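A short worksheet on the structure shown next.
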Amino acid sequence: MSESRSGKPASCWEVSTPALPGRTFQGSISVVDPIVDADSRTIRVVARIPNSERVLRPGMSANVAVTFSERPNSLVIPDAPSPTARSRASRPTCRERRSFLPASRQGQSDPVCYGGMRPSSRTSPHNFLRSGAPPGSRLAIALAASLALAGLLASCSGSKGGRGFSMPPVPVEVSEVRPQVVRDQFRAVGSIESDEIIEVVSELNAIVASLPFAEGQPVAREALIAQLDDREIRASAQHAEAQREWSQSNADRAQKLFDQQLTSQQQLDDARTNLKIAEADEALAKARLAKTRIRAPFSGMIGRRRVSPGAYLKAGDVITELARVDDMKVTFTAPERYLEVSTPALPGRTFQGSISVVDPIVDADSRTIRVVARIPNSERVLRPGMSANVAVTFSERPNSLVIPDEAVFAEGNQSFVFVVKPDSTVARAAIELGSRDSSRVEVLQGLEPGTTIVRTGHQKLFDGAHVMPIPEQAMAAGGGAAPAGAGGARGAAAPAGAKAPAGGSKSAGSAPAGSPKGGGASGSPGGAR
């Protein structure tokens, strides 16, 4: 039976080796190490492979194929190349473009190619539209010309009627002011550690007789982990026990003779001293004998074997690892409060915990305090060594008014937003800000729930300006592109619970408060950009 070691668990394994080309070997999981390597963030896994032909040898390299699931009737199509790859594949080369020239100029050099059209001073927009320009370019030029012509006609017709020129409504993206839960939070990255974790080592120089534990399985307290060869130590313990019995008999005899005044006090004291020495020698021999049976000091999950039966161990050699995983610790640097923990190894899951230790000493280099939080791990899905994303909540306000961060603009020390009225005109409203993050801001005063505000496109607005409101959901469905006249406003992340618009918007945190980039909670009003 050979073993193949990898960094990820699975249910079905196929192993091949360059030493035996064309052959594969089926295996199965036997051990999943309960401890994650803190440097590589991987779990050590042992798979067992039958080797009845004895063609596999220890030390051979292994190519491991892991099958997580199998779907026999799935429909499969070829993967389409990317648009860039298609355009590059269909683009004609310069040599191919020279063949498009008249026959009289076939031999002339053409050092520069422009998408299938040679540069010419007589190239006009009309000719360009008829040339080999991409369809998107032709459509954009035609649309721009149509818009310009429509604007010119509109202005001319307006001057004939005597009404003068009027600005059309400005398309803007709007958002509704809604009450949401606001949390002042501090975010940090920590490391998940076991509440108790040890390396099980030998205290003696001896040969391993047996390892009666199941790798990667729970073990109880005082369970036998390793049995060392104890023949010499057991004989020594028996010798010490016999010496103690002999000294005990001498001490009893000396006591009787002393009671009969047939011996001196010195002889009695010597007999008692010899008895105490013999008892100490026996206790030492029994302690050494007990060390040949290595037992679990606490209940937990045991790791993989580091040695095999028959190996010679020196004092301090590691046999395996033992970790208590019912309660885990997360170590990070943050202030003390409530706690939520997630890990990239388990996406979509969060674990509630509480601060247990706040280091009383501040680190002189980083000026931070080391904090330890405890997390229940009854399902035993968290493993020591995993990375942890920590969110510490300082305060929570359930009915706070929240608006997108890009809707706010400032004049001096005062922050404003544009409020959309029922007649599609806008008015500036002064607001007082609370805590904010990279995408949302809390409004303390100045707005009411249900108010519609301009989210993007306020750069060209003024009091009384007419706008064409476009809901943020429509912008998200349209790919997040700003409409004409929006002034190039940034896209922004939607509030919690809404779908974020596509197109490179900033990601929103779990709460609008207290997690500015770079760490550190903020509960004070943030200044508007």
Side-chain angles (χ1 to χ4, degrees), residues 1-7 9-11 13 27-37 43-52 54 56-59 194-238 240-241 282-328 377-385:
M1 185 75 71
S2 296
E3 296 183 357
S4 175
R5 301 179 185 270
S6 178
S11 57
W13 296 65
S28 59
I29 290 291
S30 64
V31 183
V32 178
D33 202 327
I35 301 171
V36 178
D37 185 83
I43 301 175
R44 192 88 170 170
V45 177
V46 178
R48 296 193 179 275
I49 309 166
N51 189 28
S52 57
R54 297 184 179 180
L56 297 177
R57 303 295 179 88
S194 175
D195 189 28
E196 303 288 349
I197 183 170
I198 62 169
E199 288 185 333
V200 181
V201 301
S202 171
E203 298 183 65
L204 304 173
N205 297 336
I207 294 175
V208 179
S210 63
L211 297 170
F213 67 88
E215 299 171 283
Q217 299 299 317
V219 295
R221 186 175 183 271
E222 296 297 328
L224 185 62
I225 295 178
Q227 171 68 59
L228 304 182
D229 184 8
D230 61 353
R231 289 174 294 180
E232 293 184 6
I233 299 177
R234 181 178 296 276
S236 177
Q238 292 173 351
E241 182 180 4
E282 182 187 20
L284 179 60
K286 288 184 177 181
R288 286 178 55 82
L289 179 63
K291 290 180 180 180
T292 60
R293 293 176 175 83
I294 301 174
R295 301 182 181 274
F298 52 82
S299 300
M301 295 285 291
I302 200 162
R304 60 188 175 88
R305 298 185 316 187
R306 301 287 188 91
V307 295
S308 298
Y312 180 78
L313 291 181
K314 296 181 180 179
D317 286 350
V318 179
I319 299 173
T320 185
E321 293 175 322
L322 179 65
R324 178 179 291 165
V325 296
D326 294 333
D327 288 319
M328 307 298 289
N377 187 32
S378 57
E379 300 179 22
R380 297 182 176 180
V381 293
L382 297 176
R383 295 177 181 270

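In this text the structure is predicted, and so the values were computed from the model without any measurement.
- Atom OG1 of T292 is separated from atom CD1 of I233 by 6.0 Å, given to the nearest 0.5 angstrom.
- Here the CG-CG distance, from L211 to L228, works out to 9.0 Å after rounding to the nearest 0.5 Å.
- Atom CD1 in I225 sits 12.0 Å away from atom OG in S210 (nearest 0.5 Å).
- Checking side-chain atoms of R293 against main-chain N and O of Q227 turns up no donor-acceptor pair under 3.5 Å.
- Rounded to the nearest 0.5 Å, atoms CD (E215) and OG1 (T320) are 7.5 Å apart.
- S236 OG to E241 CD: the interatomic distance, rounded to the nearest 0.5 Å, is 11.5 Å.
- In this structure, the side chains of L382 and V325 stay at 4.5 Å or more apart for every pair of heavy atoms.
- In this structure, the side chains of E196 and P297 stay at 4.5 Å or more apart for every pair of heavy atoms.
- Minimum interatomic distance between R380 and P218 (heavy atoms only, all atoms of both residues): NH1-CG, 3.2 Å.
- From I302, atom CD1 reaches atom CD1 of I319 across 9.0 Å, with rounding to the nearest 0.5 Å.
- Remark: R324 CZ is packed, more than 12 non-hydrogen atoms of other residues, nucleotides or ligands lying under 6.0 Å away.
- Between V307 and D317, the closest side-chain pair of non-hydrogen atoms is not below 4.5 Å.
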- Message: For a side-chain contact (heavy atoms from CB on, under 4.5 Å) check, start with the C-alpha distance between R304 and R306, then their side-chain angles and the critical distance, and finish with the verdict.
- Response: CA-CA 6 Å; R304 60 188 175 88; R306 301 287 188 91; 3.8 Å; yes
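- Closest approach of I207 and Y312 over heavy atoms only: CG1-CD1, 3.8 Å.
- Under the 4.5 Å side-chain criterion, counting only non-hydrogen atoms from C-beta, V318 is in contact with V201.
- The two residues M301 and G216 make their nearest non-hydrogen contact at CE-O, 3.4 Å.
- When every heavy atom of S308 is checked against every heavy atom of V208, the shortest pair comes out as O-CB, 3.9 Å.
- Residue P309 comes nearest to A209 through the heavy atom pair CB-O, 4.1 Å, listed as atom of the first residue, atom of the second, then distance.
- Heavy atoms of other residues, nucleotides or ligands lying less than 6.0 angstrom from CZ of R295 number more than 12.
- With hydrogens and angles ignored, the 3.5 Å screen pairs a side-chain donor or acceptor of N205 with a backbone N or O of A315.
- Taking every heavy atom of both residues into account, S202 and L313 meet most closely at CB-CD1, 3.8 Å.
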